[in-house]
Number of protein chains: 2
Amino acid sequence: MSPCPQFAADCPSRVLFDQIADKWSMMVLAVLDDGPQRFNAIKRRLEGVTQKALTQCLRKLERNGLIARRVIPTSPVGVEYAITPLGRSLQVPFRALYAWTAENLPKVERARNAFDGGTGAGTLAL
Amino acid sequence: MSPCPQFAADCPSRVLFDQIADKWSMMVLAVLDDGPQRFNAIKRRLEGVTQKALTQCLRKLERNGLIARRVIPTSPVGVEYAITPLGRSLQVPFRALYAWTAENLPKVERARNAFDGGTGAGTLAL
DNA sequence: CGGTATCCCACCTGATACTG
DNA sequence: CAGTATCAGGTGGGATACCG
């Protein structure tokens, strides 16, 4: 199986992957999967995210049709973000990835210890 | 479903995700899925990758136990990289993600055009 | 509240040169 | 061949301040 025999720069998979695989996108979608959320509510659940980074991430997700932005014209403006059906469909492969991390974290940690601890002897064991 | 009620910075999924979700890792694993490859052979198949970036990526994958590095003591040294069973297991969720990109690229492109073209009216359509 | 604008700095990048 | 070393330069992040 090789969908792209070579990974050209304009390979659709590459282009799209660059869009969805950043540090925060997956988590934002996971948060919004619980239901629509306000900006600061999302921010509170993503430990370590800055306002700037979150804003950029939300814009990108919105641009790609994965989330929807709705302005609530209250006294101090409110903005609500909601996951779209397209965004929800991306949750499926994302959850598969999450499951992999949960299942294989111990193995990765063991490999890392072997690599770091050894003088490079890790290559022998594999 | 919320495996992490909140995304703490030390959430195992977050930590591991940061390790595997960079620009090149997924493609390197896909290339090595065809069989062991030499450094420059991999480089040739990843259009746009620099030697430095590829070296860093291969080191990280090796450290995390996803690929194995083998030095072939020939006249000009040769180095062969091979995917490990652990790396191969990661291919499963990666392929699911690839399938999603292939299937949903048109929808994303349409959303993007709506967002870019419109004055922000894209929020209405969703 | 939900941003945008600004500054500043760390980092990543590309290019080049050099080594075992 | 497969790197490491180095340096210039652009990109992005963090902090702060300010606007609707």
Side-chain angles (χ1 to χ4, degrees), chain A residues 7 9 14-15 17-28 31-32 35-63 67-83 115 119-120 122-123 126, chain B residues 7 9 14-15 17-28 31-32 35-63 67-83 115-116 119-120 122-123:
Chain A
F7 289 95
R14 271 188 64 168
V15 174
F17 184 76
D18 285 348
Q19 290 289 315
I20 62 180
D22 71 275
K23 190 175 169 62
W24 301 107
S25 290
M26 195 177 76
M27 282 183 274
V28 168
V31 165
L32 293 183
Q37 306 275 326
R38 298 276 294 269
F39 184 89
N40 280 327
I42 300 170
K43 186 172 184 304
R44 250 171 272 124
R45 294 195 40 193
L46 268 46
E47 191 180 282
V49 75
T50 63
Q51 194 183 40
K52 190 176 177 178
L54 182 56
T55 300
Q56 288 172 345
C57 180
L58 289 169
R59 284 280 173 285
K60 192 165 73 172
L61 288 171
E62 186 193 0
R63 191 169 100 95
I67 64 172
R69 180 177 182 271
R70 196 186 62 136
V71 177
I72 309 162
T74 49
S75 36
V77 232
V79 181
E80 196 178 71
Y81 292 93
I83 194 168
F115 185 89
T119 59
T123 53
L126 293 170
Chain B
F7 290 95
R14 271 188 63 168
V15 175
F17 184 76
D18 286 347
Q19 290 290 314
I20 62 180
D22 72 275
K23 191 176 169 61
W24 301 108
S25 290
M26 196 177 73
M27 281 182 275
V28 168
V31 165
L32 293 184
Q37 306 273 327
R38 299 275 295 267
F39 184 89
N40 280 327
I42 300 170
K43 186 172 185 304
R44 249 171 271 125
R45 295 194 41 192
L46 268 45
E47 192 179 281
V49 75
T50 62
Q51 194 183 40
K52 192 175 176 180
L54 183 55
T55 300
Q56 288 173 345
C57 180
L58 290 169
R59 285 280 173 284
K60 191 165 75 170
L61 288 172
E62 187 195 0
R63 190 169 101 96
I67 64 172
R69 181 176 181 272
R70 196 186 62 135
V71 177
I72 309 162
T74 50
S75 35
V77 230
V79 180
E80 196 178 73
Y81 291 92
I83 194 169
F115 185 90
D116 294 346
T119 58
T123 53

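Basis for what follows: all heavy atoms, side chains included, without hydrogens, waters or symmetry-related copies. Every chain is numbered from 1, with letters handed out A, B, ... down the list of sequences.
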Whole-Å distance separating the CG atom of D22(A) from the P atom of dT11(D): 18 Å
So if I take the C1' atoms of five pairs at each end of the helix from dC1(C)-dG20(D) to dG20(C)-dC1(D) and get each local axis, what angle do the two axes make, rounded to 10 degrees? 50°
Using atom NZ of K43(A) as one end and atom C1' of dG14(D) as the other, report the distance to the nearest whole Å. 11 Å
Heavy atoms of I83(A) and L32(A) approach each other most closely as CG2-O, 3.8 Å
Of all heavy-atom pairs between L61(A) and S25(A), which one has the smallest distance, and what is that distance? CD2-OG, 3.8 Å
Taking the side chain as every heavy atom from C-beta outward, state whether D22(A) and K60(A) have any pair of such atoms under 4.5 Å apart. yes
Where do N or O atoms of nucleotides 4-11 of chain C meet protein N or O atoms at under 3.5 Å, pair by pair?
unit_1, atom_1, unit_2, atom_2, d
dT4(C), OP1, R59(A), NH2, 3.2
dT4(C), O4, Q51(A), OE1, 3.3

When the distance from CD of Q56(A) to C1' of dT11(D) is rounded to whole Å, what number comes out? 11 Å
Yes or no on side-chain contact (heavy atoms from CB on, under 4.5 Å) for I42(A) and L58(A), after CA distance, side-chain angles and deciding distance? CA-CA 10 Å; I42(A) 300 170; L58(A) 289 169; 4.3 Å; yes
Rounded distance in Å - CD (E80(A)) to C1' (dG2(C)): 14 Å
Strictly below 4.0 Å: does R69(A) bring a side-chain N or O up to OP1 or OP2 of dG2(C)? no
Let's see if you can work this out: which of dG14(D), dC1(C), dG3(D) has an atom nearest to the side-chain heavy atoms of V77(A)? dC1(C)
Measure across V28(A) and C57(A) and return the closest heavy-atom pair with its distance rounded to 0.1 Å. CG2-SG, 4.0 Å
Can you name the closest pair of heavy atoms from V15(B) and A9(B) and give their distance? CG2-O, 4.0 Å
When the distance from CD1 of I42(B) to P of dC1(D) is rounded to whole Å, what number comes out? 14 Å
Ignoring backbone atoms, establish whether Y81(A) has a side-chain N or O less than 4.0 Å from OP1 or OP2 of dG3(C). yes
Against E80(B), only a single residue in R69(B), R70(B), R38(B) fulfils salt bridge (charged side-chain N to carboxylate O under 4.0 Å, His left out); can you say which? R70(B)
Kindly point out which of dG13(D), dC1(D), dG2(C) is positioned nearest to the side chain of N40(B)? dC1(D)
Could you check P76(A) against A53(A) and say which one's nearest nucleotide on DNA chain D is further toward the 5' end? A53(A)
W24(A) CH2 to dG14(D) C1', in whole Å, measures 13 Å
To the nearest angstrom, the CG-C1' distance between D18(A) and dT11(D) comes to 15 Å
Counting only side-chain N and O atoms of T50(A), is one of them less than 4.0 Å from OP1 or OP2 of dG13(D)? no
Does a nitrogen or oxygen in the side chain of R38(B) sit under 4.0 Å from OP1 or OP2 of dA2(D)? yes
For Q37(A) against G35(A), the heavy-atom pair lying closest together: CG-O, 3.2 Å
For the CG atom of N40(B) and the CZ atom of R45(B), what is their distance to the nearest 0.5 Å? 14.0 Å
pair F7(B)-V31(A): side-chain heavy atoms closer than 4.5 Å: yes
Could you give the NZ-to-C1' distance, from K60(B) to dC12(C), as a whole number of Å? 13 Å
